[in-house]
Structures are given as structure tokens and as C-alpha cells.
Amino acid sequence: MNKDSNKYIYLYSIALVVIVATVLSVAATLLKPFQQKNIEVEKKQSILLSVHKAAEAGSAKNKAQYVEAEYEKYITGSCVVSVLGAALEGDAFAVSLEEEMAKPVVDRRLPVFICTDDDSTLKYIIPVRGAGLWGPIWGYVALHSDFSTICGVVFDHQGETPGLGAELATPEFQRQFDGKHIFDAGAVFTSVKVVKGGGTQGRPHEVDAISGGTITSQGIEQMLWDNLNYYRSFFEQQEQQRRRLARQRQEEEEASAAAQQAVAAARRIPRPVAAPLPTADTAADHTAAPAARAADSVPKAEAKRENATSDATQQNVQQEAPQDVQQIEQQ
Amino acid sequence: MEKEPLFSAKNLKLLTDPLARVNPVTALVLGVCSALAVTVKLEPAVVMAISVTAVVAVSNVIMSALRSTIPNRIRIIVQLVVVSLLVILVDQILRAFAYSVSKQLSVFVGLIITNCIVMGRIEAFALGNKPLPAFIDGIGNGLGYGIILVTVSFFRELLGSGTLWGYRIIPSSFYVANGGVYENNGLVILPPMALILLGIIIWIQNYKNGRYS
């Protein structure tokens with residue numbers, strides 16, 4: 001057949017396209033389970049890294065197995081909450097933040113992962129997602145049980161400039177966040193700012209920005225502010241619940257101690273004086289969110305603040321919805 | 001017909017020529033765009049060089065095998081389809097079995113498809129030669145491209161970030177921020193400086209090739 005005839009060209013291109021399409025779809029179907037497994041392991045590893053676990057994943061013989069085992073061991077719970085802090089049904093691990101970000105703020109399903117550390121303290125891991133310079137950036141922020149102190153963060157990106165914006169994925173940058181606070185001494189939400197020359201000692205709400213990565217740094221700041229803001233009602237409810245439980249426990253202990261003393265006195269048996277129990281309560285007084293301290297000293301102010309924040313949350317909900325939509329449209 | 005040995009003088013020349021004398025980047029000035037984009041750090045540059053080498057070599061072989069059947073009028077489209085197929089396959093396989101590498105490579109996949117070296121070699125060599133020489137030519141040109149990438153990224157990472165392959169070379173105590181006297185050169189990180197570095201390399205290359213005598 002003449003190689004330059006139309007018939008030959010049509011037949012040739014049809015055959016070529018069919019063959020190529022078949023090869024590609026077969027490859028995609030066969031490789032999909034492996035790829036999804038990789039993505040799942042990657043996500044679990046990021047969650048673990050934010051609480052400084054699974055550090056040896058790089059050198060582990062079977063990385064997937066190691067990460068799965070660590071994940072089983074440390075991540076003991078997860079939940080999905082709404083912007084108003086209400087618990088929702090569903091699997092937190094299956095929630096795609098990318099899809100949630102496209103919804104109006106009130107409809108969003110916000111995942112929380114709960115880590116029980118070796119010393120049985122709880123850590124709460126919040127997934128975050130935002131926009132860098134060239135594409136999306138995302139990560140996980142792990143908070144201590146006071147919901148203010150950051151335990152650790154992990155960030156990743158799709159296509160930030162290597163050597164500049166992409167530095168956000170380095171441990172050197174992420175380590176700066178450890179021990180920073182997202183609430184100030186007056187329990188006002190401050191998030192963590194990413195500023196030039198920041199991150200010096202005595203600045204609990206700032207980290208040093210990436211030099212040459214200004215837009216990415218701003219993106220990180222915005223991402224943290226936006227995403228953590230959605231969880232404020234959840235934090236407050238958890239904090240109130242924790243305080244209520246602590247108070248209950250304290251009352252019970254006092255009651256039982258008094259009962260024991262009464263019994264001892266009745267029996268006239270000299271007993272060694274019990275040292276104050278180093279319970280969570282005493283520890284909490286020093287490390288807990290400033291909210292707790294402020295609440296103990298100025299209950300009225302706290303009540304006012306809570307009203308104010310719940311108002312603010314609602315306002316945020318109304319104001320932010322169109323903003324987010326704009327952002328997404330821009331993307 | 002007499003069988004030609006694998007590394008005959010002619011085949012060896014196919015391999016070594018693109019490394020220096022007719023380097024695809026410095027002598028033919030192909031693939032400059034990606035040479036600017038991926039050379040901020042050494043590691044992505046090496047990953048990119050390996051991927052391009054693989055794609056050029058395999059696509060050269062396929063096109064060379066098909067060369068007598070391809071209708072002349074749609075040959076560029078056929079080349080494009082074959083190259084895209086290979087790049088997508090490479091990407092999919094990496095994603096399944098070498099996930100961490102694929103995360104670095106994913107940004108550059110599009111750059112491989114549009115890399116002029118790939119189509120340039122198919123047009124200039126594979127369509128007129130047998131599969132084996134085409135394969136050797138692809139390897140040679142991929143490596144020639146790689147040498148330039150590594151050279152440029154060596155200087156850019158060293159002067160721009162003070163590191164090589166992610167390891168710190170210039171001690172952090174030298175830096176102004178830590179009380180030293182040294183500061184990284186911000187211009188080196190940006191694409192214009194890559195172009196200037198590439199220009200210098202092309203100048204040296206042309207001088208060695210005797211273009212100015």
C-alpha cells in the first residue's frame with residue numbers, strides 16, 4: 001500500500017492510538033493497587049512524622065510494614081468533626097481534605113487523628129491544606145493535649161521551587177514549629193506566623209520564613225491560620241470537657257482522701273502524710289492552655305470571651321465561605 | 001552481510017561524540033529549557049538526566065524499528081505519541097515501585113515529553129538508522145545532556161545553597177546569620193544565572209571545538 005495515501009495514514013494512526021491506549025490502560029489498571037498502597041503508607045507516615053514517630057522509615061527493611069505497625073501502635077483513634085465542633089460519622093482517614101475545601105465551611109468534615117504516646121499522653125493531629133506558589137501545599141500539625149502547644153509539624157508540596165519554596169518539606173524548617181503556641185497568654189487564637197528573621201527565642205508564635213520563598217511562606221501562614229481556625233470550637237469543647245473531668249476527678253480524690261483520713265483518725269493509726277498527687281491536674285496547671293489559667297482567675301472574662309469567639313466563629317463561617325470559593329476558582 | 005561488533009569504532013563514536021564534541025545542549029543547543037528548570041539542586045538534575053536517557057534510548061529504538069512503516073506526513077505526531085507513552089509508563093511504574101523518586105520526578109515528566117533532545121534524536125538519527133545504533137545514540141545523547149545538567153547544578157547548589165546532594169559543604173558558622181562573613185548567592189538559584197552558566201559552558205565548548213580559530 002502507498003505509505004502516503006490517506007487510507008494508510010488513517011489506518012496507521014487508528015492502530016497506533018488503539019495500541020497505545022490499550023498499553024496505557026492495562027498498565028494503569030495493573031499498577032493501581034500498588035500506587036494506592038504507596039499513597040496510603042505515605043499518608044500514615046506523614047501523620048506519624050508529625051508526632052515524631054516512624055523516624056526510621058527510610059532505613060526500614062519493609063517500609064510499608066514498618067509504617068503500618070507504627071501506625072497501629074500510636075494512632076489510637078480518629079474522629080471527624082464539624083466546624084462547630086460536633087462529632088460526625090465517618091472514617092477520618094478516608095476524608096479527602098482537597099474535596100472538603102471545595103465545600104462551604106459549615107458543611108466541611110474535619111478529620112482529627114489521636115495519638116497515644118509511649119507515656120500515654122494524648123496528641124491531636126490536624127491535617128492542613130493550602131496554596132503555595134505553584135500548587136497546593138499540605139501537611140499535618142500535631143498538638144499537645146492543651147490544644148495550644150505544637151508537638152510537631154510535617155509539610156509537603158506538589159511543585160514548589162527546589163531550593164526555595166520546597167524547603168518547607170525539610171526537617172530543618174519543620175523543627176522550628178516544635179513547642180510553638182497557637183493561642184497566646186490571653187487564650188486568643190494567634191496561629192503561628194512565618195516571618196523574616198522570626199523564630200528567635202522568646203517568640204512563641206513565630207517561625208523564620210524561607211529565604212527566597214516568600215509566597216510559599218505566606219501560604220504556610222495562611223494555611224495554618226485557616227485550617228486551625230476551623231477546629232477552634234472543637235478545641236474549646238475538648239478543653240472544657242477535659243477541665244470538667246479533671247475537676248470531677250479532683251473532687252473525688254479529695255472526698256476519698258477525706259474519707260481515708262476520717263477512717264485513719266477513727267482507728268488512731270498514725271499514717272504517713274500523702275504527698276500531693278502528681279496527677280494530670282497539677283501538671284495541667286503549668287502546661288495547660290492559657291485558657292485554663294485565665295478561666296480560674298477571671299471566670300467572667302472567660303465567659304465573655306467564649307461568647308465572643310463563638311460569635312467570631314459564626315462570622316468567620318459566613319465571611320470565609322465566599323473567600324474560599326474565590327480561592328478555589330483561582331486555583 | 002557481515003555482523004558488526006557491538007562496540008565497533010563507529011558505535012563507540014556514537015556514544016562518545018554527544019558527550020563532548022556534539023553535545024546536545026552545548027553544541028546543538030537543545031533541551032536548554034529543562035536545563036534551566038531542574039538544575040537548582042544536584043539530586044533532581046541527576047534524576048532528570050537518568051529519566052531522559054532512558055526515554056531517549058527506548059524511543060529511539062521503537063521509532064527506528066517502526067521507521068519503514070511510518071507515513072512521512074504524520075511522523076511528528078507518531079513520535080509524540082510514542083514518547084508520551086514511554087514517559088507516562090515510566091511515571092506510572094515509578095509511582096508504583098519507587099514512590100519517593102516519583103515524587104521528585106513528577107514535576108519534570110512534562111518537561112521530558114517536550115524535551116527537544118528526544119524528538120531531535122528521533123528525527124535526526126533513529127528514523128534513518130537501525131535499532132542498535134539508535135539505542136547507543138540515545139544513551140550517548142542522554143548522558144551528554146546529563147553531564148551538562150550535573151555541571152550546572154553542581155555550581156548552582158554549591159553557590160546558591162551551600163550544599164551538595166543535600167549535604168552541607170559550606171559550614172553554617174561561615175554565614176552572616178551565624179556571625180560569619182558568607183552569604184548564599186540568591187541569583188544563582190534563579191533561572192537567569194543558569195542561563196549565564198550555560199552560556200559560559202557553551203563558550204568553553206565552542207572554543208575547544210575550534211569554532212573561533
Side-chain angles (χ1 to χ4, degrees), chain A residues 1-13 15-42 45 57-58 63-64 134-135 156-167 169-172 197 200 208 211-213, chain B residues 37-45 62 66 68-75 77-86 88-100 102-104 106-108 110 153 156-157 160-163 166 168 172 175 177 183-191:
Chain A
M1 199 190 287
N2 180 8
K3 251 172 60 177
D4 283 328
S5 71
N6 281 346
K7 200 174 154 198
Y8 183 82
I9 289 175
Y10 278 119
L11 286 177
Y12 194 91
S13 39
L16 182 76
V17 167
V18 168
I19 292 169
V20 167
T22 316
V23 170
L24 279 186
S25 40
V26 167
T29 319
L30 288 180
L31 296 174
K32 198 158 192 187
F34 297 101
Q35 293 170 355
Q36 275 177 340
K37 184 81 189 157
N38 282 332
I39 291 167
E40 194 187 308
V41 167
E42 169 92 2
Q45 195 191 350
K63 186 181 157 191
W134 303 114
D156 210 344
H157 64 99
Q158 193 181 63
E160 298 304 296
T161 323
L164 302 177
E167 295 291 304
T170 58
E172 289 77 31
T200 44
D208 195 9
S211 45
Chain B
V38 302
T39 50
V40 176
K41 294 248 159 137
L42 206 50
E43 203 180 346
I62 294 178
L66 292 176
S68 58
T69 68
I70 297 169
N72 199 36
R73 277 196 282 169
I74 58 162
R75 66 175 198 286
I77 298 170
V78 175
Q79 291 165 16
L80 204 62
V81 170
V82 169
V83 173
S84 322
L85 169 77
L86 290 173
I88 294 169
L89 274 183
V90 166
D91 185 44
Q92 294 273 332
I93 291 168
L94 285 179
R95 250 189 241 181
F97 301 113
Y99 191 63
S100 50
S102 92
K103 280 207 307 185
Q104 293 185 343
S106 64
V107 187
F108 311 128
S153 61
R156 288 185 77 189
E157 185 170 353
S161 314
T163 58
R168 185 141 290 286
S172 44
Y175 284 89
E183 187 120 39
N184 280 330
N185 190 335
L187 177 64
V188 177
I189 286 184
L190 301 173

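Sequence lines set the chain letters: A, B, ... in the order given, protein chains first and strands last, and positions in each chain run from 1.
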Largest heavy-atom contact set with chain A, pairs under 4.5 Å, which of B:Ser84, B:Ser161, B:Ser68: B:Ser68
Who wins among B:Leu190, B:Val78, B:Asn184 for the most heavy-atom pairs under 4.5 Å with chain A? B:Val78
What's the separation between atom [atom1] in [X] and atom [atom2] in [Y], rounded to the nearest 0.5 Å?
X: B:Arg95; Y: A:Lys32; atom1: CZ; atom2: NZ; answer: 11.0 Å
X: A:Thr29; Y: B:Gln92; atom1: OG1; atom2: CD; answer: 9.5 Å
X: B:Ile77; Y: A:Ser13; atom1: CD1; atom2: OG; answer: 8.0 Å
X: B:Phe97; Y: A:Leu31; atom1: CZ; atom2: CG; answer: 5.5 Å
X: B:Ile88; Y: A:Leu24; atom1: CD1; atom2: CG; answer: 5.0 Å
X: B:Thr69; Y: A:Tyr8; atom1: OG1; atom2: OH; answer: 4.5 Å

In terms of heavy-atom proximity below 4.5 Å to chain A, should B:Ile74 be classed as side chain, backbone, both, or neither? side chain
Heavy-atom proximity to chain A below 4.5 Å, by part of B:Val38: neither
Do you know which of A:Val17, A:Ile19, A:Val41, A:Ile39 has the most heavy-atom pairs with chain B at a distance under 4.5 angstrom? A:Ile39
Please look at [X] and chain B and tell me whether the side chain, the backbone, both or neither of the residue comes under 4.5 angstrom of a heavy atom of that chain.
X: A:Leu30; answer: neither
X: A:Ile9; answer: both
X: A:Glu42; answer: side chain

Determine the minimum heavy-atom distance between B:Asn72 and A:Asp4, stating which atoms define it. N-OD1, 3.7 Å
Electrostatic pair A:Glu167:B:Lys41 at N-O distance under 4.0 angstrom: yes
Has B:Tyr175 got more than 12 heavy atoms of other residues, nucleotides or ligands less than 6.0 Å from its OH? yes
